[in-house]
Student: 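Below you'll find the structure I mean.
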Amino acid sequence: MKRLLLNKGFNSFLASLVSVICGLIIGLVIMFIFNPQGAWDGFIIMIQGGFSDSARGIGNVLYYATSFILIGLSVSFSFQTGVFNIGAIGQFTIGSFVTIYVAHHGTWLPAPIQWLVAIICGGIVGALWGIIPGVMKAYKNVNEVISCIMMNYIAMYLVNQLIYDSLYDNSLVGTRYVPTTSLMPRVGLDKIFPGSSVNLGFFIALLVSVLVYILLYKTTFGFELRACGFNPNAAHYAGVNEKRNIVLVMIIAGFLAGLGGGILHLSSISKYYKISEVFLNETNYAIPIALLANTHPIGVIASGIFISYITVGGTLMQGQGFPVETVDMITAVIIYFAAFSLVFKQFFTRITTLKFNKANKKRIQ
Amino acid sequence: GSKKKEDDAKKDDAKKDDAAEESSEEPASKDSEESSKGEVVLFVSAAGALDDRAFNSACWLGIQDFCGETGKTYAYYQPTEDTVEAQMVICDTAVKAGAKFIVISADQFKLSAVEMQESYPDVTFIIYDSIPTTAEGEEIIADNLKSILFKEQEVGFLAGYAAVQDGYTKLGFVGGMPVPAVVRFGYGFAKGVDRAAEDLNVDGVELMYSYFGNFEATPDNQARCASWYQNGTEVIFAAAGPAGASAFKAAEDNDGVVIGVDSDQSAESETVISSAMKDLRNLTYKALKEWDEGTFKGGVVETYGSAEGGVALPMETSKWKNFSQEDYDALYERLAKDEDGIASSIPSNTDYDDPSQIPLERTKITYVQ
Amino acid sequence: MRLEYVLEMRDITKVFPNIVANDRITLKVAEGEIHAILGENGAGKSTLMSVLFGIYNLDEGEIYVRGKKTLINNPNDANNLGIGMVHQHFKLVENFTVLENIILGVETAKYGVLRVNEARRKVLELSRKYGLEVELDSKVSEISVAMRQRVEILKMLYRDNDILILDEPTAVLTPQEIDELIKIMKDLAAEGKSIIFISHKLKEIKQVADRCTILRKGKYVDTVNVQDATLEDLSEMMVGRKVQLEVDKTEAIPGDVILKVENLCVKAKESKKLKVNNVSFELRRGEITCIAGVDNNGQSELVLAIAGMIDSTGTISLNGEDLSNSNVRFRNTHGISHIPEDRHKHGLVLDFDLASNFILQTYFNQRFQKNGFLKFNEINSYAEKLIQEYDVRSALGHESIVRDMSGGNQQKAILAREMDREHSMLIAVQPTRGLDVGAIEFIHKQLIKARDDGKAVLLVSLELDEVMDVSDRILVMYEGEIVADVLPKNVTFRELGLYMSGSKKGEEYEAIVAK
Amino acid sequence: MQTLLFILRQTLSFSIPLLIVALGGTFSVRSGITNIGLEGMMVMGALTSISFVRMTQDNISSQNQLLVAIIISIIAGMLISLLHAFASVNLKADQIISGQAINTFAPAFSVFVSRIIFGEQIIVFNNTFRIDEIPLLSKIPIIGDIFFKDTYITTYLGIIIYLISSFVLFKTRFGLRLRACGEYPQAPDSVGINVSKMRYIGVLISGALCGLGGLVYVVPNSTNFNSTVFGYGFLAMAVMIFGQWHPTKILFASLFFGLLMTFSSTYSGIPFLVSLGIPSNYYKILPYAMTLIILVFNVSSSKEPAAAGKPFEKGMR
Ligand SMILES: Nc1ncnc2c1ncn2[C@@H]1O[C@H](COP(=O)(O)OP(=O)(O)OP(=O)(O)O)[C@@H](O)[C@H]1O
Ligand SMILES: Nc1ncnc2c1ncn2[C@@H]1O[C@H](COP(=O)(O)OP(=O)(O)OP(=O)(O)O)[C@@H](O)[C@H]1O
Ligand SMILES: [Mg+2]
Ligand SMILES: [Mg+2]
């Protein structure tokens, strides 16, 4: 038991859990302040999340989690290696468009691989979008936060223009609906979770998270990357080519984000990219999910599903008179409590080592 | 035309009062425990917002008018994203929470509306600006659903004509984004400007035409409008929802004027000289009233233009210099009766790919892409 | 009676989570006295001073200043009592000017607006009076260590402090600079200021201090009159046993040339100045060559250039193979082992566990990976082997996070890693910095063992004692150039100091220049 | 001339909020606390002050009302920034976390609150804050036209804040101490300066300026507030980094960016550019692309205050 509590992973998990609980409690208080009658019912619906809408709800939790996980993973992965890929937003955007574009123009491909080609293309262009800030950081020492912000806006406006130029649909003010032949395979999930949009993409997200985990923690390449992340000077000393690695990290992170955008947009027959000058909604969650997961790739699965879970709950909560923004507020409070995780962790460590300390004190006296 | 409309409104008011009395006598519905969360429901799209100062706001006000009177509960729902699946989720949630009448205020629900009307035959729907259509392109309207469309081009036409008749020669149109309704406003405005120039023999009429690319009041939008005013544009017709505020602000700072959209926006800024109104609020109210009284008739598409009195300029609050009530009435009459094919000559959104293709006789149109 | 002491610390106890750093320590300092504190690494000297200066709050005990019992909760309280401190690690903001650093915290200001002229006048006056020469408008990052120290002393004087604490001020100075410092200290004492002087160099204490308080493992041992005690007495009291201060080693038997450096130049980052200026030398197998010199005279850059970590011009060849254009990885795998100067910045990934740190440069070897996947079993057993061999102590063995380990054990871990890697040459930069005598002894033994195994050893050290004791040959660097190439037996401390301060140049140097 | 004046004024209306917020961020970073919560803090400032304007618009004269609104926005920004300071200073947490939490929280909270108070998410207000002309000063040639005609108090605020910031950071005791805390907190700590307190103050100033920036962003540009500042907080962060945490460089960076934004949004008033037929999206891309390019060629590598983002523990070595 003590061993378990001292285990870093478990300790972080516990700390996150406490953050979540505290966040939910504060959220409930806010809800009570604004609408005392509906608060409790609304809250219950929210924390029942996907479960309060039968199988479909669960299916939708998994569906929304798919893109959340992938974009959160993009940010987490970069964080772990010492880069702050705030550009996941733009990579997701451009990846979405390219996937839709390829889906439309790739209908000559055999149907079973149309989706695959499309999302891979989305990922690749996302990766290209990541290269630019990566190269700028590695070789020109340009702060990646600023270059990524610029790349995000460029992606957004560029995609808007490319849509006008290529797949524009007058009545949708966006791309046309994606062709049905290139939708993500449902692999029977539509039978288990009828009415939801969950598809193979979810398993891809899981698989990719595990792959990223393995990459980071089990391979020599990951070893290098993490060394760069924790201490670039030491990595340099150890002969690691940290410049090349920064670029590679941005490529991989860009690919993950682009893939997320692609999968999202091939998930439903009525999906299309709507021209907009606000970033896609999913991108708002990239950093929160990464932070909530303590930037661990497996943690991202949990936090992605969690955010998705309460988002679904939040939609249903509208029935109790709470606007969808309530969920964002609660999410924010939960993230804030993640800041306490250091305190929580110390607390857990203290109670587990209390005995040891007592003994020690005695010895001193 | 406008008199007729005003009369309608008066009648409506009278009806409203009646209804209020009736409802106060009626006890609150018995099963209010379960269905207290919204018998009348508005669906807005994921991309939109309840307070868009346009469509959604107007529908919402209509619902509030009705529910305020009858004591029925109301609510609005927004899906997580604009897919059929997500829209069905909120539909199910709403019905589970007691929805009996659902107002759908966006074209984005086109596909899911097909499913909604079939899944819930006991629930009554109206959908604005759209006709339920399957993915294959087949239009299906069930008996419990009514589609309501507007001829925005006609009120755009009114605004454009009035502006030229009032003496403006340098005009501008900005839409939020080229969604069908906005495009109709714009094309109608262009045609109205040109027609007035022709009828009244005005020379040198110029029209700037553009879309912001968004519906938000951003500094960029303000700057764009300001640059037009700076460049000589006198009046801008802003069909851009909340982004209209950017035009108002630019007008305030550059001594220009604005024509508002959707509802009477005269209260929002001194610079609003008139507004191209659609009667959404009232139509929503009426549809609900009919439903309440059991006279609702579904399965149809209703289109509202000048002939139906569904569009108007609010002359009481308008600040025209030369364009009088008489001028307005005459123009409205011509439009409603389609004299000399005036109404049918106004292009709709599907007629041209972009505004520069509209054949205009005496107007120089500059389309800023 | 009490009044005769300007400062009295009685029964001071300070406990850190895992250690009692000060255990009922008493310290009495008289006015105008230079009072030394002597103790091994970790004896608790810095901690005691930190308590006095208000950085740590004491757990038990009392402090009397000028006979009055006082509570010192923060450096402000200390300052108000006239207590000033020069820390072992200088507390200077690198990109502030010297003047800004001096006035920080006690700025003269009118309505919050800085009035630097007044301050400048006062500092100049002090600087003249005590011979503390500084460049007031230079950034701290641009000045030498000795000058930084003068800045720190000026900081105290500027605050009109009359109880001055100097924590190991001589560790980084040349003998000449040390002499200057001693003179300054004596002047200050003559003026009536009391000075607490921390050092583990007995000779200095003998030279400058009036009395000396000795600490051992957090406990008070004794306070003695320095005049009455011999060096042997002092060292015995400090360590608790008779100590042999010299390093045991046999005569070196130099072999073939391993490393050959020719015309090596390294440019400074911002300016065009050369940090390393046309340096040439050779290293031989079976010899410990030491680069002596005052900090910041190009030693660090020279080493980084040899290791391939920064750009340089000139040629470097190892075992006859030209390395000039090869990268760090290539040099690592072709015979260079390197114990870096800053173990935290370069030597370790503090958030990795010990095992991972052991394979920092070798993770890609067939031994530790297969098809790109790490072989954890192999890595862990290798780690355990090193832990055994080099006696690296930590709470959780190879799973310990290195950040949680003590400095000495961190250094041992690096040593183990670099010694165990295949290499023909070992570079060790200040390998004993901040370590206790035991650890120092261990590291010196290992360096000698490497030499005896036939490696070429390049030791960079700032400590003259170490230079004289361990090396077989000494190169002195001054302003980027090698100014002397001497054997330890042919040179005195004094001479070395002259070389290091640039006031004397060796014959070899003249010869090189002539060439 | 008229056109030039127009471009100048528009540039100012883009640049001033960016300037104020970037300076705000600077105070925080200079004290050693990274602040990515600029966007959220702007929203809070705008929300509270615009709500105030809306509620009092019929009762108070407009310039007085604006003054009170300014104060309110500042206070609101400071209050929300306290959360960031607490997490970063007291809890020693990763400084990205609380900043991001504020960014997520503020817009949602704003929607929530506007709905409750005004019944709708968009707060419409009477925007009567423009000053047509300042007597006497407006008569000065050129300068009078640029700064003293058709102007907003907020423009002056921006300039005043710039002047004060450069002065405070580099000429005052407070500035010296603040910068020391961002560079090497051990130094001020050892001379008895309370690093935590200085960092709190740094973050609070940044909150104040961001809150104000939120108001300044809305006033010259709109007659309503819709719970968002459209990424201007992030742009301000970019301007801050671009300006290397130095007020004067930030001033130029924000003017540069503002000029590009002006160009990209007003080109449609320039017939020649319209006749080129380049889609407006490309003009919208322009400011961002130009900034990227400048960054690449900007050789002097930016030096962030050395201790920024690193929690500090008292007595740390
Ligand atoms: N902040 C701290 N937290 C925990 N332990 C500490 C802390 N500071 C010092 N120690 C421990 O207290 C003991 C005494 O340290 P101190 O720095 O006083 O030694 P010292 O006599 O100054 O040694 P040196 O010769 O290395 O300067 C050491 O074991 C050290 O590791
Ligand atoms: N990262 C490092 N790499 C190499 N040497 C280091 C490193 N950190 C500390 N040292 C050295 O270790 C020695 C002791 O460090 P430590 O932190 O224990 O000092 P201290 O005596 O407690 O300091 P202070 O007087 O400031 O309290 C110092 O001489 C320092 O130069
Ligand atoms: Mg120590
Ligand atoms: Mg010490």
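Values below: all heavy atoms of this structure, side chains included; hydrogens, waters and symmetry mates excluded. Residue numbers start from 1 in every chain, and the chains themselves are labelled A, B, ... in the order their sequence lines are given, proteins ahead of strands.
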Student: How close do D:Thr266 and B:Ala223 get, heavy atom to heavy atom, and via which atoms?
Tutor: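 Distance-wise, the nearest heavy atoms are CG2-O, 3.4 Å.
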Student: Could you check whether atom OH of B:Tyr352 has more than 12 heavy atoms from other residues, nucleotides or ligands sitting under 6.0 Å from it?
Tutor: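 Atom OH in B:Tyr352 is crowded, with more than 12 foreign heavy atoms closer than 6.0 Å.
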Student: Between B:Glu270 and chain D, which part of the residue has a heavy atom less than 4.5 Å away: side chain, backbone, both or neither?
Tutor: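 Neither; nothing under 4.5 Å.
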Student: Mind checking the CZ-CG spacing from D:Phe230 to B:Asp220? Nearest 0.5 Å is all I need.
Tutor: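 It is 9.5 Å, given to the nearest 0.5 Å.
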Student: Using 0.5 Å steps for rounding, measure from the CD atom of D:Gln121 to the CG atom of B:Asn56.
Tutor: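 So the CD of D:Gln121 and the CG of B:Asn56 are separated by 10.5 Å.
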Student: Using non-hydrogen atoms and a 4.5 Å limit, figure out which bit of D:Ser268 sits close to chain B: side chain, backbone, both or neither.
Tutor: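 For D:Ser268, heavy atoms of backbone and side chain both lie under 4.5 Å from chain B.
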Student: Is B:Ser210 in contact with chain D via its backbone, its side chain, both, or neither, using a 4.5 Å heavy-atom distance?
Tutor: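 Neither part.
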Student: For the pair D:Arg9 and B:Asp253, evaluate side-chain contact (heavy atoms from CB on, under 4.5 Å) and give the outcome as yes or no after the intermediate values.
Tutor: CA-CA 11 Å; D:Arg9 264 192 234 126; B:Asp253 289 358; over 6 Å; no
Student: Under a 4.5 Å heavy-atom cut-off, does chain B meet the side chain of D:Tyr267, its backbone, both or neither?
Tutor: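 For D:Tyr267, the contact with chain B is made by the side chain alone.
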Student: Give, as side chain, backbone, both or neither, the part of D:Gln10 having an atom under 4.5 angstrom from any heavy atom of chain B.
Tutor: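 Side chain only.
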Student: Measuring heavy-atom distances to chain D, does B:Glu252 have an atom under 4.5 Å in its side chain, in its backbone, in both, or in neither?
Tutor: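 Both backbone and side chain of B:Glu252 come within 4.5 Å of chain D.
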Student: At a heavy-atom separation under 4.5 Å, does D:Tyr232 approach chain B through its side chain, its backbone, both, or neither?
Tutor: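 For D:Tyr232, the side chain is the part near chain B, not the backbone.
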Student: Against chain D, label B:Phe212 side chain, backbone, both or neither, depending on which of its atoms sit under 4.5 Å from a heavy atom there.
Tutor: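 Interface part for B:Phe212: backbone (N, CA, C, O).
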Student: Got a donor-acceptor contact below 3.5 angstrom from the D:Ser280 side chain to the B:Gln369 backbone?
Tutor: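 Yes, D:Ser280 side chain to B:Gln369 backbone: donor-acceptor pair under 3.5 Å.
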Student: Do you know which of B:Met208, B:Gln230, B:Glu216 has the most heavy-atom pairs with chain D at a distance under 4.5 angstrom?
Tutor: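 The option with the most such pairs is B:Gln230.
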Student: For D:Asn221 and B:Lys249, work out which heavy atoms get closest and say how close.
Tutor: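 Between these two residues, the closest heavy atoms are C-CG, 3.5 Å.
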Student: Among D:Met261, D:Arg115, D:Lys284, single out the residue with the greatest number of heavy-atom pairs under 4.5 Å to chain B.
Tutor: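 Going by pairs under 4.5 Å, I would pick D:Arg115.
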Student: Please report, to 0.1 Å, the donor-acceptor pairs under 3.5 Å made by any side chain of residues 210-220 of chain D, with sequence neighbours excluded.
Tutor:
none

Student: Let me know if B:Ser246 has heavy atoms under 4.5 Å from chain D in its side chain, its backbone, both or neither.
Tutor: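 Contact with chain D involves both backbone and side-chain atoms of B:Ser246.
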Student: Sort out for me which of B:Pro242, B:Ala245, B:Gly172 touches chain D most, counting heavy-atom pairs under 4.5 Å.
Tutor: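 Ranked by heavy-atom pairs under 4.5 Å with chain D, first place is B:Ala245.
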Student: Tell me, for D:Asn224 versus chain B, whether the close heavy atoms (under 4.5 Å) come from the side chain, the backbone, both or neither.
Tutor: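 Answer is both: backbone and side chain atoms of D:Asn224 are under 4.5 Å from chain B.
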Student: Does B:Lys319 NZ have over 12 foreign heavy atoms under 6.0 Å away?
Tutor: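 Enclosed.
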